[in-house]
Asks: 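One structure follows; several queries about it will come next.
Just the heavy atoms: all of them, side chains too, but no hydrogens, waters or symmetry mates, feed the values below.
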Amino acid sequence: MYEVALETNNLEIWVPAIVSIITLVLNLLFYIFIQPRLTYKATAKESLKKVSVDLLNYLAEIISYEQFDGVPTQIRKYSLQIHLHFKAGTSDGQLEILLEQIFNEVRKRKNLTSTDDIDKWNDEFRVLARNLRKKLAKHCGVL
């Protein structure tokens with residue numbers, strides 16, 4: 001009878017100890033392998049969000065510009081910063097196309113002088129900027 005009580009007592013001690021050790025090992029594995037990856041992805045997403053907001057603010061400002069010297073270069077700079085956030089080195093197909101369209105539209109705007117052409121360009125550019133904002137929102141989740 002004393003032996004049965006001793007075996008029960010050993011199980012009461014060893015089972016929680018083994019569960020605690022397994023939990024500790026799992027926590028260590030999480031913090032060594034998974035947590036850094038999650039932190040990196042969150043940091044990269046935050047960085048992409050910041051660049052996207054800067055680009056969208058810049059696009060909102062350039063509608064009122066008279067001179068477009070240096071504007072295509074600035075658009076290209078933001079575009080490259082966005083592309084660097086993707087593993088392939090370029091963004092997905094539709095986002096890449098929109099960024100290139102915006103760059104080309106800004107280059108085209110440098111040569112426009114007619115008020116009617118500028119007004120038409122402004123309307124088309126707002127549509128492009130809106131579409132870009134929608135595409136960036138899919139990647140940033142906040143915009």
Asks: State whether E100 and R76 are salt-bridged, where the test is any N-O pair (Lys NZ or Arg NE/NH1/NH2 against Asp/Glu carboxylate O) under 4.0 Å.
Replies: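 Salt bridge between E100 and R76, a charged N being under 4.0 Å from a carboxylate O: yes.
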Asks: Which atom pair, heavy atoms only, marks the closest approach of L56 to L132?
Replies: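 Closest approach of L56 to L132: CD2-CD2, 4.3 Å.
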Asks: Can you find a heavy atom in the side chain of V127 that is under 4.5 Å from one in the side chain of D123?
Replies: no
Asks: State, to 0.1 Å, how close S52 and I82 come at their nearest heavy-atom pair, and which atoms those are.
Replies: OG-CD1, 4.4 Å
Asks: Ignoring hydrogens and geometry beyond distance, is a side-chain donor-acceptor pair present between H83 and T90 at under 3.5 Å?
Replies: no
Asks: Inspect the contact between D116 and K120 and indicate whether a charged nitrogen and a carboxylate oxygen are less than 4.0 angstrom apart.
Replies: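 Looking at D116 together with K120, the answer is no, because their closest N to O distance does not fall below 4.0 Å.
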Asks: Could you state the interatomic distance from CG (N122) to CD (E105), rounded to the nearest 0.5 Å?
Replies: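 N122 CG to E105 CD: 11.0 Å, rounded to 0.5 Å.
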Asks: Of all the heavy-atom pairs spanning K110 and P72, show the shortest one and how long it is.
Replies: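 The pair with the smallest heavy-atom distance is CD-CG, 3.8 Å.
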Asks: Using the rule that two of Ile, Leu, Val, Met, Phe, Trp, Tyr join whenever any of their side-chain heavy atoms come within less than 4.5 Å, decide whether Y31 and L38 are in one cluster.
Replies: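 Yes; tracing contacts between hydrophobic side chains, which count when under 4.5 Å, links both residues.
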Asks: Please check this pair: side chain of S79 against backbone of I75, looking for a donor-acceptor N/O pair closer than 3.5 Å.
Replies: no
Asks: Could you give the distance from CG (N111) to CG (D117), rounded to the nearest 0.5 Å?
Replies: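 So the CG of N111 and the CG of D117 are separated by 11.5 Å.
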Asks: For C140 and K45, which heavy atoms make the closest approach, and how far apart are they?
Replies: O-CE, 3.2 Å
Asks: When you compare the side chain of Q101 with that of L98, does any pair of heavy atoms fall below 4.5 Å?
Replies: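 They are in contact (side-chain heavy atoms under 4.5 Å apart), so the answer is yes.
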Asks: Got Y65 and R109 here, is their nearest side-chain heavy-atom distance under 4.5 Å?
Replies: no
Asks: What is the minimum heavy-atom distance between P36 and I32, and which atoms define it?
Replies: CG-O, 3.5 Å
Asks: Flag yes if L84 and L95 sit in one hydrophobic cluster, no otherwise; membership is Ile, Leu, Val, Met, Phe, Trp, Tyr, and two members link when side-chain heavy atoms are under 4.5 Å apart.
Replies: no
Asks: Membership question, hydrophobic clusters at under 4.5 Å side-chain separation (ILVMFWY): are I102 and I63 in the same one?
Replies: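 Yes, because I63 and I102 connect within a single hydrophobic cluster, where side-chain heavy atoms sit under 4.5 Å apart.
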Asks: For L59 and I62, work out which heavy atoms get closest and say how close.
Replies: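 Looks like O-CG1, 3.3 Å.
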Asks: Measure the OG1-CG distance between T23 and L28 for me, rounded to the nearest 0.5 Å.
Replies: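 It comes to 11.0 Å.
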Asks: Find the distance between CZ (R107) and CZ (F68) and round it off to the nearest 0.5 Å.
Replies: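 It comes to 14.0 Å.
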Asks: Using the six-membered ring wherever Trp is involved, compare the ring planes of F125 and W121 and label them parallel, tilted or perpendicular (cut-offs 30° and 60°).
Replies: parallel
Asks: Nearest 0.5 Å, please: how far is CD in Q81 from NZ in K50?
Replies: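 The CD atom of Q81 is 8.0 Å from NZ of K50, to the nearest 0.5 Å.
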Asks: Checking E96 against D92 for the side-chain contact (heavy atoms from CB on, under 4.5 Å) test, could you report, in this order, the C-alpha distance in whole Å, the side-chain angles of both residues, the deciding distance, and whether it holds?
Replies: CA-CA 6 Å; E96 182 181 8; D92 65 351; 6.0 Å; no
Asks: So if you build clusters from Ile, Leu, Val, Met, Phe, Trp, Tyr with side-chain heavy-atom gaps below 4.5 Å, do L112 and L128 land together?
Replies: yes
Asks: Please round to the nearest 0.5 Å and tell me the distance separating atom CD1 of I22 and atom CG of N27.
Replies: 12.0 Å
Asks: Please write out which residues are connected to Y40 in a hydrophobic cluster, directly or through intermediates, given that two of Ile, Leu, Val, Met, Phe, Trp, Tyr count as joined at side-chain heavy-atom separations below 4.5 angstrom.
Replies: none
Asks: Taking ring-ring contact (aromatic ring centres under 6.0 Å, His included) as the definition, give me every residue that meets it alongside Y58, ordered by chain and number, with sequence neighbours left out.
Replies: Y78
Asks: Any donor and acceptor pair, going by atom type alone, linking the side chain of S47 with main-chain N or O of T43 inside 3.5 Å?
Replies: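 No; judged by distance alone, with no hydrogens or angles, the pair does not exist.
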Asks: In the structure I gave you, are the side-chain heavy atoms of L55 and L99 within less than 4.5 Å of one another anywhere?
Replies: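 Answer yes - side chains close enough.
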